[in-house]
Structure formats: C-alpha cells, structure tokens
Amino acid sequence: MEKVRVRFAPSPTGPLHIGGARSALFNYLFARRFGGQFIVRVEDTDLERSSRASEADILDALEWLGITWDEGVRVGGPHAPYRQTERLASYQQAAAELVAKGWAYRCYCSEAELEKEREACIAQGLDPRYGGRCRELTPAAEAAFQAAGRRPVIRFKVPDEGNVVVDDLVRGEVAFDCAGIGDFVIVKSDGIPTYNFAVVMDDVSMGITHVIRGEEHLSNTPRQLLIYEALSLPKPRFAHVSLILGKDRSKMSKRHGATAVAQYRSKGYLPEALVNFLALLGWSPGDEEEVFSLAQLSERFSLDRVAKNPAVFDLDKLNWLNGVYIRQAAPERIAELAAPFLVQAGYLQEPLDAGARAKVALIAAAVQEKIEYVAQVTDYAPLFFGEKVAFASEAEKAVLAGEQVPAVLAAFVRQVDRAEELSPAGVKSLLKAVTKETKQKGGRVFMPIRVALTGQQHGPDLQYLIPALGRELVFARVKNAAEQVGIEL
RNA sequence: GGCCCGUUGGUCAAGUGGUCUAAGACACCGCCCUUUCACGGCGGUUACAGGGGUUCGAAUCCCCUACGGGUCACCA
C-alpha cells in the first residue's frame, strides 16, 4: 500500500476553532495509525481575510494540543513552501493548460453584472447560477473587454450533463449532477487561484493520499474531482467528517460559548483532555474505554469508525473529562497553571516569591480533587486569603453555637501553635489530637473548625486547607470567627 | 428553493437481519463511603423520528413524510 500522506489545510482567517482542531486531530491520528505523514499547509488565498496573526494562533493551538506535523509551515519539508500565497507560480501553468485544452475560459463579467444575473434567476425561480455567458467569447470581444480595462477571471467549464461520483470513505458513494454545478472560478481577476483550484494542485504536488475534512466540503468535492479529471491527475481518497453542532443543533458558533481552542486553554483546560474529548466526537473506539492519550488514540483510530451524523458539543462531558485529567496530573503542574489565575484575580502579585509559590502549591493540592478546569481555582480562592471570616448563612453560625465548640477551638489553636510544621500529614495527626483531647466525635470537632476557618460547611479537606492558610491566618480566622459569635477563647 | 448528508435516551454513542424485553459514558435522581464538599462504589429514570413495505424475523434493507444540517461566492 502506498504511504499515507494527509494534511490539515486551514485558512488563517481566525483562531483555530473546535471543528478545525478535530479535523487536524483526525488527520494526525490517521497518519500515526498507518505510519504515514501529516502535513500542515496554510490556505491563505483570501488576501482580505487572512492574517499572520491567525496563522500563528492556529499553529500555536495545534502545538499546544500536541498535534505535531511532519511537514509544513514552521517545520519545512520537501514540498516547501507550504503557504499558498508563496506557491502562486505553480498554479499558473495548470490554469493555462486548462484554458488551452478548453476546460476553462476567461470570463469578463463584472460583479454588478453577475449580481444582476443572479437576481434575475431568483426572480424566475431558477437556481442562482452563472449562465456561461463568456464561454464562447470571440477574440475580438475579448480584446474589446481588455481595451475597456476589464480583468478576467478564469472559470472552469463544467459539463452540461453527466454525474460526478464522490467515493467517500465515511459516507459511501455520493453522486452529484453536473447540471447542478455552475461554471466556477478557478483564478480570480487578481491572478490568485481560488480554493477549489489551489487545493487540488497542492494536494497533488504534495502527494496527499487521503483528504480528511469537514462535511461542509462535501459539495465542493465534485468541482475538485472535475479538475483532477481534466488534468488527468491522480486522485486522493476522500473522507468527510460531519460537523460539530452547538446545544441547539445548529452549527457551532460563538453564541454557543467558547469555540476557539485558545479559549479553552486560557480557562485552564488540559490539552490531553480536549484532544480526548474531540476524538470521541464523531469517532468511537467500539469498546467501553474512553479515556485515551494521544498515543493510545494513534493506535486505535480508524476512519471506518467515524460517524456519519453530526455531534453536539457537550460541555458537561468535556468538563468531566478535564476533571479526570486534572486529578491525574502532577500537583506541580496544576499549581503552575493556577498561579496566573490567582494573580489575575488580585490574590497574588507578580513576581511570586518563594512563600507565594509554596502557598499556590498548597492551594492547588487542596482544590485539585474538586475543580473541572483550572480557572475554577478562583472560586475557592477566598477560602485561602484574608483574615476575615464571612459566614455563608445563619446555619454556619449555629454550628459554632455548640457547647463543645469553645473547648474544641481552644484545643485546636493550642495544637496548631505547638505543631512544628503544618504539612497535610502533620495536620491530620494534629486534628486527631484535638479529637482525643476534647473527647469529641469527628463531626463535632471538624465542622466547627471548618466553619471557624472558612465560614462554610463544605470545602477542601482540612488537611490541605490548614497548611495552605498557614499558622497566622489560622489564628486570625479562628479569633475573628470566635469574636463574631461571642466565644471567649 | 435546487442538490447533498443525516435522524438510537437531554448529550456522546455501541449496534451492520435473529444473542435487542437495545451496551457503555456524561448529565440527572437515590443509596453507600467519608470529619464537609468532591472523588469513588452501587442502583434508578430516559431512546431505535413517523408511516408504509421486504422478510419466518428489522434499530439494522427499500420507499415516502417530517425534522435537523451542509452547500449553491472573484470565502475557504
């Protein structure tokens, strides 16, 4: 079998979004699975909307996800350059050949004229399609247009009848009637090729064997197939993956929430969680496992398990999966990711000194079991900063009204004062000592301490909470809480 | 509107003519575990879009309808 070569070919008109990331992922996984090559090419022929900033965002997002490529922008390769605007010369010859063979022709219609034609079609209830007016221009007529300063586009001459069949790896054979396809532009009036043309030429010259892309391209495929045939070029296999939808089942867009990969990154999602989640959107392993690393996915991915139906993006499930990865992650990693959120929320100042770093590490340890994405650390931050205790409600004050509470708090303060260091393990035995000393059952000891420390009846384990607070804050909060409910210590 | 694709629980999905009184996961509910919450464990509610065929037998094959989506650019 010939060596698999696939590509992800984004147009740099915005950040990498969820759908694009999944397309890139599927290509990457397919290449890895079959020992092939994965190429990243930039389709920047839309000069108006393309930008280097978007290109950088897309490439950065791919790298962050761990989706690496063997050839392409940034890494180079034997088919460089990998930006279409840098490959312009290579399209000209093919376009000329198409014209010479009668497969394409110059069209001088202005935008206004085309618009008028379109409206006329719609008014008559016909398909709004180019009618082929310039198909048989005489040399004299062309000269006249040229003299008038009109710059032509080049259009592909679509046969009036016949079928084009797309043999799709996920959807099977899909037939399109040529009569339904108008003569489409392959080179714009400024000499830049359009997508449908450039994509064919590049896929051929880069030796692409499989084109795996979103379903929105399915109806473009017959146009591309026509070009392959006109030029007798070897065709790749096609696989069109269905779209990712928002909660209301329409195509995922901004009003559905975060659509850019970078947005998930900045909220503290882990790349391996996003990759895992995306892989499961439209593909399934077939068994009951569903937590997979990129490497594991690379061993299992195949196109025949890709679903035909579109999938709704379910944030709840992403959150759950991300939580799984956060719990598995090294605490230091979570601490490092958490620090910027605490700085941004004003709890800490850059640069972080050793004490601040240690505190962040303890906070991260305390919340790692609870959060679904790292930005949520700020939800818990008030628990760890400040001397004041704000009671969540009267119920919390009631907890401190228990008759055993003064003795418990006094014993607790004494134990903390006596402790050499407040490590999780140290705190655990210290709390045990309080229980012993006061002869109280667990809940009657731990809950008052928790409430005195945080004003709440739930939260992180005390063995993590107390070290993160540190001795000073522990004393201050206990004192503060005691005063508020009128307890003498 | 034309063409194309799709339709299993709220969501992701397994399922390719009998083993389907339809798997698993998320979410939800309940119970257990636990010094709280979370985690974890156990259990539960909820689905083959509708209608016609074909067949001894259909979630699985065919047709129609409905609904959803994509596409019809000098955007990709």
Side-chain angles (χ1 to χ4, degrees), chain A residues 9-13 43-46 48-50 84 107 109-111 114-115 118 122 125-130 151-155 166 168 170-172 174-177 179-182 184-190 192-196 198-199 213-222 240 242-243 245 247-251 277 280-291 305 307-321 323-324 327 367-372 399 431 435 441-451 454 456-463 465:
Chain A
S11 67
T13 55
E43 311 216 323
D44 56 350
T45 54
D46 184 344
E48 292 286 310
R49 299 194 302 150
S50 295
Q84 289 184 328
C107 166
C109 296
S110 70
E111 278 188 54
L114 293 172
E115 185 54 36
R118 219 169 289 140
I122 291 168
L126 298 171
D127 287 347
R129 233 191 3 255
Y130 178 71
R151 311 259 303 142
V153 300
I154 297 177
R155 282 184 188 273
V166 180
D168 194 276
V170 348
R171 331 197 80 88
V174 183
F176 293 86
D177 189 345
I181 306 172
F184 57 94
V185 174
I186 57 172
V187 179
K188 306 181 218 179
S189 57
D190 59 4
I192 309 269
T194 61
Y195 162 73
N196 278 129
V199 75
R213 57 183 14 171
E215 192 189 355
E216 70 265 32
H217 290 290
L218 181 56
S219 52
N220 270 144
T221 309
H240 289 93
S242 58
L243 271 13
L245 272 25
K247 265 226 168 340
D248 63 357
R249 304 210 128 261
S250 66
K251 190 175 175 178
F277 177 70
L280 261 18
L281 226 44
W283 173 82
S284 84
D287 59 25
E288 294 180 4
E289 268 184 84
E290 54 183 359
V291 178
R305 298 203 61 83
K308 294 185 182 62
N309 53 309
V312 172
F313 185 91
D314 183 8
L315 189 59
D316 281 334
K317 187 148 186 177
L318 202 213
N319 283 158
W320 165 76
L321 198 52
V324 169
R327 274 172 252 130
V367 302
Q368 187 167 2
E369 301 292 313
K370 323 183 87 63
I371 57 175
E372 294 186 310
V399 168
L431 288 172
T435 310
K441 284 189 102 182
R444 310 240 309 158
V445 172
F446 301 114
M447 194 48 76
I449 292 174
R450 170 178 298 285
V451 171
T454 67
Q456 297 182 15
Q457 295 192 71
H458 53 81
D461 287 347
L462 289 177
Q463 56 170 323
L465 180 71

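Of the P atoms belonging to B/G52 and B/C12, the separation is 28 Å, rounded to the nearest Å.
Minimum atom distance to the side chain of A/Asp461 is reached by B/U36, of the listed B/U36, B/C74, B/G24. In the set B/A73, B/C5, B/A13, the nucleotide with an atom closest to the side chain of A/Asn309 is B/A13. Nearest nucleotide to the side chain of A/Glu216, out of B/G70, B/A13, B/G24: B/G70. Comparing B/C75, B/A23, B/C4 against the side chain of A/Val174 picks out B/C4 as the nearest. Taking only side-chain atoms of A/Arg249, from C-beta outward, the nucleotide of B/C39, B/C75, B/C12 with the closest atom is B/C12. Of all nucleotides listed (B/A27, B/A76, B/U35), B/A27 comes nearest to the side chain of A/Trp320.
Among the protein residues, A/Ser284 comes within range of the sugar-phosphate backbone only, with heavy atoms under 4.0 Å from sugar or phosphate atoms but none that close to a base. A/Arg444 comes within contact range of no nucleotide atom at all, as no heavy-atom separation falls under 4.0 Å. Within the nucleic acid shown, A/His240 has no heavy atom closer than 4.0 Å to any nucleic acid atom. Within 4.0 Å of A/Gly180, counting heavy atoms only, lies no atom of the nucleic acid at all.
One can find a donor-acceptor pair under 3.5 Å joining the base of B/C74 and the side-chain atoms of A/Ser189.
The shortest side-chain heavy-atom distance between A/Val312 and A/Arg249 falls under the 4.5 Å cut-off.
Base pairing of B/G43: its partner is B/C29, meeting the Watson-Crick or G-U wobble criterion (both donor-acceptor distances under 3.5 Å).
Taking the six-membered ring for Trp and thresholds of 30 and 60 degrees, A/Tyr195 and A/His217 have ring planes inclined between 30 and 60 degrees apart.
For A/Phe277 and A/Phe313, the ring centers are positioned less than 6.0 Å apart.
In this structure, the CG atom of A/Asp177 is 14 Å from the P atom of B/G2, given to the nearest Å.
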